[in-house]
Protein chains: 2
Amino acid sequence: MTLQTLTDASIIDALRRKRFKATSQRIAICRIALASREHPTAKRIFAEVKKTYPTVSLATVYKTLHVLKQLRLVQELAFSKGENRFDSNMEPHLNVACLQCGKVIDVNDHGARRLILKAAEKTRYTITDQRFDIYGFCEKCKARMRLTTQ
Amino acid sequence: MTLQTLTDASIIDALRRKRFKATSQRIAICRIALASREHPTAKRIFAEVKKTYPTVSLATVYKTLHVLKQLRLVQELAFSKGENRFDSNMEPHLNVACLQCGKVIDVNDHGARRLILKAAEKTRYTITDQRFDIYGFCEKCKARMRLTTQ
DNA sequence: TTAATTGCAAACTATTTGCAATAGC
DNA sequence: GCTATTGCAAATAGTTTGCAATTAA
């Protein structure tokens, strides 16, 4: 499923296929989580859903994100500090993250796929998922740091 | 610094160069954290250090691991559930992890380095670190699963 | 001598869980 | 109608912090 075909109908469908109830809260949370390319945190999604669904709870957001993981529609990315983030890009890709501002850029590169094949070959593991993170400093933060240290 | 040259003297040296005090607890924790290839958790390191240093505290282990991160001698790997793990292999490599038993195999592959260069080029980020995780099922667990489902 | 570090306990934060009320199927 | 799900509050787990006593430099 790609971003273009992501309608409420397709969300309801994906939920029902695995016998999950398509509640209105769930549909709203799924819509936001799956449409975002910003690798949002649970709290960020919560804040977004509240705009149209003021009574929703953070616990429901967490529970729905767990459902989306089971449906293999999102991946949870844990970091050594702060909250986890959720990524709806399930294709092998690179997350290039800024250590200063937290901005994450997705880079699609065939090298990622090639690396997975090689790892499978060398280890004889059956591969199901992957996470390629690259950490550093984005252009904006680099410029800002140059200014503050002069 | 490689595993072969990792002596107490070199640990003390690395600490002092950055003006950290070389306490006996720190040396013991560093020795264990840097020698391990098992991506240990803080608790695992704590249990190991206690064998020779029964009065050490978990807080000191965490503080020392933070020092090792500052020295760029270990990397902290967070997962969406459970404790973080610490990896003393600082070269670009793949962590091939079994989702069933948790076993992690390091795979050194030049493709990893190539991917970092490409990401830097495309995003203009200055890259400092990376983490390449591949998840799946190891041969042993696959065999075990075939047996239990038959 | 003095400033950093230790070990304890308490604090903190992100996430999960139990449960009565509610809503989908 | 039955069962899953919601939203609240409380619990949990991992990690961090404050502080008096101790130790390295």
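Labels below follow one simple rule: chain letters A, B, ... track the order of the sequence lines, proteins then strands, and each chain is numbered from 1.
- Of the residues in residues 24-31 of chain B, those placing a heavy atom less than 4.0 Å from an atom of DNA chain C are B/Q25, B/R26, in numerical order.
- Residues A/F79 and A/R85 have side chains in contact (heavy-atom distance under 4.5 Å, counting atoms from C-beta outward).
- A salt bridge is absent between A/E76 and B/K81; no separation between the charged side-chain nitrogens and carboxylate oxygens falls under 4.0 Å.
- If you measure from atom OH of B/Y53 to atom C1' of C/dG7, you get 12 Å, rounded to the nearest angstrom.
- Atom CZ of B/F46 and atom C1' of C/dC8 are 11 Å apart (whole Å).
- Atom-to-atom, NZ of B/K18 to P of C/dT5 comes out at 14 Å; the value is rounded to the nearest Å.
- Under the 4.5 Å side-chain heavy-atom criterion for Ile, Leu, Val, Met, Phe, Trp and Tyr, A/I127 and A/L94 are members of the same hydrophobic cluster.
- The pair A/R31-A/D8 meets the salt-bridge criterion, with a side-chain N (NZ, NE, NH1 or NH2) lying under 4.0 Å from an Asp/Glu carboxylate O.
- Look at A/D129 and A/R131 and you find no salt bridge, because none of the NZ, NE, NH1 or NH2 atoms lies under 4.0 Å from a carboxylate O.
- Inspection of the A/Q75 and A/D87 side chains reveals no N or O donor paired with an N or O acceptor under 3.5 Å.
- Remark: the backbone N or O of A/A119 is paired with a side-chain donor or acceptor of A/T123 at under 3.5 angstrom.
- Within the 4.0 Å cut-off from OP1 or OP2 of D/dG7, at least one side-chain nitrogen or oxygen of A/T60 is found.
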Please list, pair by pair, any protein nitrogen or oxygen found under 3.5 Å from a nitrogen or oxygen in nucleotides 15-18 of chain C.
unit_1	atom_1	unit_2	atom_2	d
C/dT15	OP1	A/N84	N	3.0
C/dT15	OP1	A/N84	ND2	3.2
C/dT15	OP2	A/Y62	OH	2.1
C/dT15	O5'	A/Y62	OH	3.1

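- Ion pairing between a basic and an acidic side chain is recognised when a charged N comes within 4.0 Å of a carboxylate O; B/E91 and B/R113 show such pairing.
- Using a 4.0 Å cut-off, no side-chain N or O of B/T23 falls inside it from OP1 or OP2 of C/dA4.
- A donor-acceptor contact shorter than 3.5 Å links the side chain of B/S10 to the backbone of B/T7.
- Note that the two end axes of the helix from C/dT1-D/dA25 to C/dC25-D/dG1 enclose an angle of 40°, each drawn from 5 base pairs, rounded to 10 degrees.
- Look at A/T55 and you'll find a side-chain N or O under 4.0 angstrom from OP1 or OP2 of D/dG7.
- Distance, A/L15 CG to C/dC25 C1': 13 Å, rounded to whole Å.
- Without hydrogens or angle criteria, B/R72 side chain to B/K69 main chain gives no donor-acceptor distance under 3.5 Å.
- With D/dA25, D/dT6, C/dG7 as the choices, the nucleotide that has an atom nearest any side-chain atom of B/R16 turns out to be D/dA25.
- Distance alone, capped at 3.5 Å, is enough to place a donor-acceptor pair between the B/T64 side chain and the B/T60 backbone.
- Listed candidates were D/dA25, C/dC25, D/dG7. Nearest to the side chain of B/K21 is D/dA25.
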